[in-house]
Structures are given as structure tokens and as C-alpha cells.
Chemist: 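First the structure, then my questions, so here it is.
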Amino acid sequence: MRLDDTVIDHMWCYECNESTIFHIDRTVILDEVLKQEPLDFMVFFSSVSSVLGSENAADYAASNGILDELATWRRALVKQQQRFGKTFS
């Protein structure tokens with residue numbers, strides 16, 4: 001995971017992917033592992049940066065936006081009875 005903030009114009013593609021994949025991969029894996037568990041809820045800890053953005057951490061803001069969309073996707077799966085519990089992000 002990258003810890004240094006960089007303006008997106010100065011980032012290489014692999015740098016952006018590295019920090020984004022850190023959030024998304026682990027969330028998808030966790031959802032897959034727990035898909036048959038009768039959960040009461042699942043919480044994705046994203047950031048307000050997904051809405052407000054961040055000039056120096058655009059990759060972080062984007063990955064948090066994707067987490068929000070994963071929560072929306074998971075809510076749809078709950079309605080289809082393919083997952084359990086409420087989903088929050």
C-alpha cells in the first residue's frame with residue numbers, strides 16, 4: 001500500500017493501481033468468504049474523500065468510491081437473498 005500522497009498527474013499507472021487494489025481486493029475476498037454467513041451487517045470503511053475528492057490522493061478517493069459502489073452491489077445481493085445482513089459504507 002502506498003503511503004505517500006501524490007498529485008494524480010504525477011503518478012504512474014501501477015502506483016494508482018497498487019493503492020486501489022489494496023482496498024478493493026480485500027473487500028471482495030472478505031465478501032466472498034462470508035457470503036453464506038448469516039451476518040447482521042457488514043460495514044465497509046470508506047472515506048468522505050470518495051465524495052469530496054482529494055487533489056493529492058486521487059487514487060485513495062477513487063478506491064473509496066469503489067468501496068461505496070461495492071456496498072451498493074452487496075445490498076442488491078442481499079435483496080436477491082445471495083448475501084445476509086445490512087450493508088453500510
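Numbers for residues simply follow the sequence, beginning at 1.
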Chemist: Are Trp73 and Val28 linked, directly or through other ILVMFWY residues, by side chains that come within less than 4.5 angstrom of each other?
Modeler: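 Linked, Trp73 and Val28 end up in one cluster.
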
Chemist: CD/Gln36 to CG/Leu39 distance, rounded to the nearest 0.5 angstrom?
Modeler: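 Gln36 CD to Leu39 CG: 10.5 Å, rounded to 0.5 Å.
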
Chemist: Of all the heavy-atom pairs spanning Asp31 and Arg74, show the shortest one and how long it is.
Modeler: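 Heavy atoms of Asp31 and Arg74 come nearest at OD1-NE, 2.9 Å.
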
Chemist: For Leu30, check side-chain contact (heavy atoms from CB on, under 4.5 Å) against everything at least two apart and list the hits.
Modeler: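 side-chain contact (heavy atoms from CB on, under 4.5 Å) check on Leu30 returns Leu34, Met42.
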
Chemist: Going by side-chain hydrogen bond (donor to acceptor under 3.5 Å, both in side chains), name the residues that satisfy it together with Thr27, two or more places apart in sequence or in a different chain.
Modeler: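 Thr27 satisfies side-chain hydrogen bond (donor to acceptor under 3.5 Å, both in side chains) with no residue once adjacent residues are dropped.
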
Chemist: About how many Å separate OG of Ser89 and CG of Asn64, when rounded to the nearest 0.5 Å?
Modeler: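 Result: 8.0 Å between the selected atoms.
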
Chemist: Which ILVMFWY residues can you reach from Phe84 by hopping between side chains whose heavy atoms are under 4.5 Å apart?
Modeler: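 Result for Phe84 is none, singleton.
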
Chemist: For Lys35, check salt bridge (charged side-chain N to carboxylate O under 4.0 Å, His left out) against everything at least two apart and list the hits.
Modeler: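 Listed in chain order: Glu32.
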
Chemist: Among residues at least two apart in sequence or on other chains, which ones pass side-chain hydrogen bond (donor to acceptor under 3.5 Å, both in side chains) with Gln82?
Modeler: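 Here the qualifying residues are Gln80.
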
Chemist: Which ILVMFWY residues can you reach from Phe41 by hopping between side chains whose heavy atoms are under 4.5 Å apart?
Modeler: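 Noted: Phe41 shares its cluster with Val43, Phe45, Phe88.
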
Chemist: Would you say Arg83's side chain and Leu77's backbone share a donor-acceptor pair under 3.5 angstrom?
Modeler: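 Looks like no, no N/O pair under 3.5 Å.
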
Chemist: Calculate, to the nearest 0.5 Å, the distance between atoms CZ and OG1 belonging to Phe44 and Thr72 respectively.
Modeler: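 Separation between the atoms: 9.5 Å.
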
